[in-house]
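Numbers here simply count residues along the sequence, with the first being 1.
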Amino acid sequence: MNQYEASLARICLECSGISVLYEDNVPEKFVVPSLYFPAAEIFSAGSALNSYQTKYAVYAIVFAYTKREAGELAEKIVKGIIQRNCRFPVYNKDGTDSGTVIKLEAPASRIVDEGMAQVTLSYKIIRAFAKVRSPTVQSVGINKNFD
């Protein structure tokens, strides 16, 4: 789980009051209520001359005893994020605030099955291209005088 996903999972847990998080596979005897936070889907969202944009979408699953309870917990996550103006702080590995804030798109939730609700969370990150030094004309061999 990268730093952005971990920070977003932390916000979801804080908003919902859920204390158990699964990030890889949900075990056969899992705890209820709990939150399954899979790896984000990654989409290319365009580029400019010196930067590119990547869109991340996380489809988190809330597990509860009933559809209603799962829906209510998912709604707490959605409302909590909206009340934070759809912004979340990025935390360092030690739990301290890194000073970076990410803007989420409006979150959504839906009931997917008995005791399960899905929360859709997506955000975009703009990154600069790596600076690559172009070779000089002389090093390539153009315009050289040969004997």
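Atom CG of residue Leu8 and atom CG of residue Leu13 lie 10.0 Å apart, to the nearest 0.5 angstrom. To the nearest 0.5 angstrom, Lys55 atom NZ is 6.0 Å from Lys124 atom NZ. For the atom pair Cys86 SG and Lys103 NZ, the distance stands at 4.5 Å (nearest 0.5 Å). Interatomic distance, Met1 CE to Ser7 OG, rounded to the nearest 0.5 Å: 10.0 Å. Atom OG1 of Thr66 sits about 8.5 Å away from atom CD1 of Ile111, to the nearest 0.5 Å. Between the CE atom of Met116 and the CD atom of Glu69 there is a distance of 14.0 Å, given to the nearest 0.5 Å.
At a threshold of 4.5 Å between side-chain heavy atoms, the hydrophobic network of Ile, Leu, Val, Met, Phe, Trp and Tyr places Val119 and Val112 in two separate groups. Linking ILVMFWY side-chain heavy atoms closer than 4.5 Å, directly or via other members, places Leu104 and Val101 in two distinct hydrophobic clusters. Under the 4.5 Å side-chain contact rule for hydrophobic residues, Tyr65 and Tyr22 share a cluster. Note on Val78: it clusters hydrophobically with Tyr56, by side-chain heavy-atom contacts below 4.5 Å among ILVMFWY residues.
Proximity of Ile61 to Tyr59: side-chain heavy atoms (C-beta onward) are nowhere separated by under 4.5 Å.
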Taking only distance into account, with no hydrogens and no angle test, what donor-acceptor pairs under 3.5 Å do side-chain atoms of residues 29-44 form with protein atoms, sequence neighbours excluded?
residue : atom : partner : partner atom : Å
Ser34   : OG   : Val31   : O            : 2.7
Tyr36   : OH   : Asp24   : O            : 3.1

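Classification of the Tyr123-Phe88 ring pair by plane angle, with boundaries at 30° and 60°, yields perpendicular.
Side-chain atoms of Asp94 come within 3.5 Å of backbone atoms of Thr96 as a donor-acceptor pair (strictly under, hydrogens ignored). Checked by atom type and distance alone, the side chain of Gln53 never pairs as donor or acceptor with a backbone atom of Arg127 at under 3.5 Å. Looking only at distances, a side-chain donor or acceptor of Asp97 sits under 3.5 Å from a matching main-chain atom of Gly99. Between the side chain of Asn85 and the backbone N or O of Arg87 there is no donor-acceptor pair closer than 3.5 Å. Without hydrogens or angle criteria, Ser16 side chain to Lys76 main chain gives no donor-acceptor distance under 3.5 Å.
Cys12 pairs in a side chain to side chain contact (heavy atoms under 4.5 Å, CB included) with only one of the listed residues (Val62, Leu21, Leu73, Leu121), which is Leu121. Applying the side chain to side chain contact (heavy atoms under 4.5 Å, CB included) test between Pro89 and each of Thr100, Ile11, Ile102 identifies Ile11 as the sole match.
Closest heavy-atom contact between Gly71 and Ala117: N-CB, 4.1 Å. When all heavy atoms of Gly80 and Cys15 are compared, the pair lying nearest together is CA-SG, 3.6 Å.
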